[in-house]
There are 2 protein chains.
Amino acid sequence: MAQVSYLFKEVSLPQLKAACSGCSLKELCLPVGLGTDEIAELESFIHRGRAAKKGEYLYRAEAPFTSLYAVKAGCFKTSVISEDGREQVTGFHMSGEIIGMDAISTERHTCSAIALEDSEICEIPFVQLEELCRKIPALQRHFYKVMSREIVRDHGVMLLLGNMKAEERLAAFLLNLSQRFQSRGYSPRAFHLRMTREEIGSFLGMKLETVSRIFSRFQDERLIRVSNREIELLDMLRLKQLLNGCSSK
Amino acid sequence: MAQVSYLFKEVSLPQLKAACSGCSLKELCLPVGLGTDEIAELESFIHRGRAAKKGEYLYRAEAPFTSLYAVKAGCFKTSVISEDGREQVTGFHMSGEIIGMDAISTERHTCSAIALEDSEICEIPFVQLEELCRKIPALQRHFYKVMSREIVRDHGVMLLLGNMKAEERLAAFLLNLSQRFQSRGYSPRAFHLRMTREEIGSFLGMKLETVSRIFSRFQDERLIRVSNREIELLDMLRLKQLLNGCSSK
DNA sequence: TTGACGGTTTGATGTGGATCAAACGTACCG
DNA sequence: CGGTACGTTTGATCCACATCAAACCGTCAA
């Protein structure tokens with residue numbers, strides 16, 4: 001059962017949900033231009049089906065780097081810790097996303113990855129991926145794009161943290177999650193948050209009380225419905241307007 | 001005059017200043033493991049010596065991607081613009097740094113790069129770099145590391161923007177510049193800022209008035225001396241302590 | 001020299017979000 | 001079942017930084 005190659009294509013296609021559930025993946029690999037043999041080779045060295053229980057570290061900062069990890073199912077947070085112990089969540093990662101790329105530069109992990117729910121991951125030994133990239137230009141290109149996309153994402157977070165106010169950040173966060181659930185074939189309107197208010201706050205640069213207050217405010221304004229970690233987006237249009245400095249400006 | 005290969009090694013060595021001024025670079029390339037032929041090939045397709053005047057765009061967001069750029073001399077800022085027109089400076093880039101990697105993912109630039117002073121850059125056509133990476137594993141690995149380092153840097157900025165207060169951010173900023181000047185063979189104690197207070201503020205997520213006020217406060221406290229854009233770090237130790245939540249905490 | 005302009009400093013005031021504190025809900029576990 | 005722990009909500013207060021405003025300075029061009 002060839003189940004991992006989908007990780008090497010763009011993760012924004014609706015078919016991805018099907019891919020995850022284990023059907024034939026050949027067509028999903030075509031965008032990368034891999035043939036059957038090449039898929040086989042890729043899968044020969046990927047360690048599949050490793051499980052991580054909720055709360056478990058996938059890797060810790062400082063640990064020596066050997067592999068990248070592809071989230072196969074579930075959800076992870078990655079975070080960096082400053083010298084004086086402050087945590088900054090750098091991202092939430094769901095199925096189809098590759099994490100650990102920060103570790104390539106120093107050959108040690110610079111952030112930690114923790115499972116937010118019971119999850120499954122694929123381990124991708126880096127040296128072997130590198131070698132295969134040399135043989136398969138399309139795979140090489142694809143992997144460069146994956147790394148580049150992470151840089152673009154980080155720039156987006158910098159914009160969010162540097163320029164937006166709490167309300168806007170939270171709207172952006174919800175819309176981002178919505179879109180990612182949608183691209184995985186789930187409802188973009190209603191979903192379950194895997195992370196605590198504190199983790200959301202750490203990611204968005206605000207305190208957990210502020211996250212809670214703004215959720216409540218959004219609910220009062222009929223923008224969303226919150227019940228615990230269940231979120232329903234009632235008015236995505238207005239949420240988007242909130243992002244772009246209301247209607248004018 | 002082989003003058004560009006140094007861009008493909010770690011930029012943290014003191015010899016780099018010498019490298020920039022144009023002496024033989026062979027030894028500087030050894031860390032990447034390139035032979036003479038390979039250096040020649042690398043340099044065969046790199047367009048060297050392109051100049052950019054102060055204020056000039058090196059590339060603009062949305063422009064199609066063809067090349068990465070290595071800063072040979074001078075200084076650039078890169079910035080993203082949100083849909084509603086807010087600018088976030090994502091970085092300041094000096095000699096030896098490679099910019100444009102964000103564009104690989106979508107094959108369009110996602111940020112703009114502007115020269116902060118008269119500068120020189122090398123243009124590196126991406127397809128040819130890719131091809132050479134396939135032939136030279138050490139170069140491939142090195143380029144992965146360059147991209148990874150950018151991700152690590154971005155995570156550091158996220159920590160700064162998400163967790164630190166204005167004073168700490170500015171201290172971190174000055175110390176970071178200091179270190180980068182030092183690694184290029186310049187004084188880590190005194191240097192010239194190439195960017196305006198507003199650009200610093202945009203990068204650090206604060207207003208230009210706040211930047212100015214904190215510079216003044218640092219000066220009052222004998223931490224630094226500021227005169228216009230000339231900076232002198234008088235007490236680097238205390239600046240570092242400022243970073244790590246003062247002495248205690 | 002004069003002016004204009006972009007950048008910087010400094011002051012006065014306002015406010016968004018942090019902090020402190022308490023009560024409440026939910027889930028897990030003996 | 002009841003208790004403990006963890007996460008969440010909500011209120012009251014405070015403060016860091018934004019905003020608004022004015023003066024100042026260095027540079028360049030006429």
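Residue numbering restarts at 1 for every chain, and letters A, B, ... go by the order of the sequence lines.
For Asp235(A), the side-chain contact (heavy atoms from CB on, under 4.5 Å) partners are Leu223(A), Leu237(A), Arg238(A), not counting sequence neighbours. With sequence neighbours excluded, the residues that form a salt bridge (Lys or Arg N to Asp or Glu O under 4.0 Å) with Arg225(A) are Glu232(A). Not counting sequence neighbours, Phe218(B) has no partner by the ring-ring contact (aromatic ring centres under 6.0 Å, His included) test. Partners of Phe203(A) according to the ring-ring contact (aromatic ring centres under 6.0 Å, His included) rule, which considers only residues two or more places apart in sequence or in another chain, are Phe92(A). Taking the salt bridge (Lys or Arg N to Asp or Glu O under 4.0 Å) definition, one finds that Arg153(A) meets it with Glu150(A), sequence neighbours left out.
Listed by first and then second residue, the side-chain hydrogen bond (donor to acceptor under 3.5 Å, both in side chains) pairs involving residues 201-222 of chain B are Glu167(B)-Arg217(B) (not counting sequence neighbours). Within the structure, every pair that satisfies the salt bridge (Lys or Arg N to Asp or Glu O under 4.0 Å) test and touches residues 113-123 of chain B, not counting sequence neighbours, is listed here: Arg50(B)-Glu123(B), Lys53(B)-Asp118(B), Lys72(B)-Glu120(B), Glu117(B)-Arg194(B).
Note on Glu97(A) versus Arg184(A): salt bridge recorded, some NZ/NE/NH1/NH2 to OD/OE distance being below 4.0 Å. Salt-bridge check for Glu168(A) with Arg86(B): passed, with a basic side-chain N closer than 4.0 Å to an acidic carboxylate O.
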Could you list the donor-acceptor pairs under 3.5 angstrom formed between side-chain atoms of residues 58-65 of chain A and any protein atom two or more places apart in sequence or on another chain?
from: Tyr59(A); atom 1: OH; to: Gly100(A); atom 2: N; distance (Å): 3.3

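Here Ser212(A) lies in heavy-atom contact (under 4.0 Å) with a base.
Taking only side-chain nitrogens and oxygens, Arg197(A) comes nearer than 4.0 Å to OP1 or OP2 of dT8(D).
When atom types are taken as modelled, the side chain of Ser95(A) and the backbone of Ala73(A) share no donor-acceptor pair closer than 3.5 angstrom.
With rounding to whole Å, Leu204(B) atom CG is found 16 Å from dA16(D) atom C1'. Distance, Glu199(A) CD to dC6(D) P: 14 Å, rounded to whole Å.
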Between the protein and nucleotides 23-29 of chain D, list every N/O to N/O distance that falls short of 3.5 Å.
none

Dump the pairs, protein N or O against N or O of nucleotides 17-20 of chain D, anything under 3.5 Å, distances to one decimal.
from: dC17(D); atom 1: OP1; to: Ala166(B); atom 2: N; distance (Å): 2.6
from: dA18(D); atom 1: OP1; to: Lys207(B); atom 2: N; distance (Å): 3.3
from: dA18(D); atom 1: OP2; to: Lys207(B); atom 2: N; distance (Å): 3.4
from: dA18(D); atom 1: OP2; to: Thr210(B); atom 2: OG1; distance (Å): 2.2
from: dT19(D); atom 1: O4; to: Arg213(B); atom 2: NH2; distance (Å): 2.9
from: dC20(D); atom 1: N4; to: Glu209(B); atom 2: OE2; distance (Å): 3.3

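With a 6.0 Å radius and a threshold of 12 heavy atoms from other residues, nucleotides or ligands, Glu230(A) has its CD atom above the threshold.
Interface limits on DNA chain C: the 5'-most and 3'-most nucleotides within less than 4.0 Å of chain A heavy atoms are dG17(C) to dT26(C).
Between Asn163(B) and Glu87(A) the shortest side-chain heavy-atom distance does not fall below 4.5 Å.
Across its full length, the helix from dT1(C)-dA30(D) to dG30(C)-dC1(D) shows an angle of 40° between the axes of its 5 terminal pairs at either end, rounded to 10 degrees.
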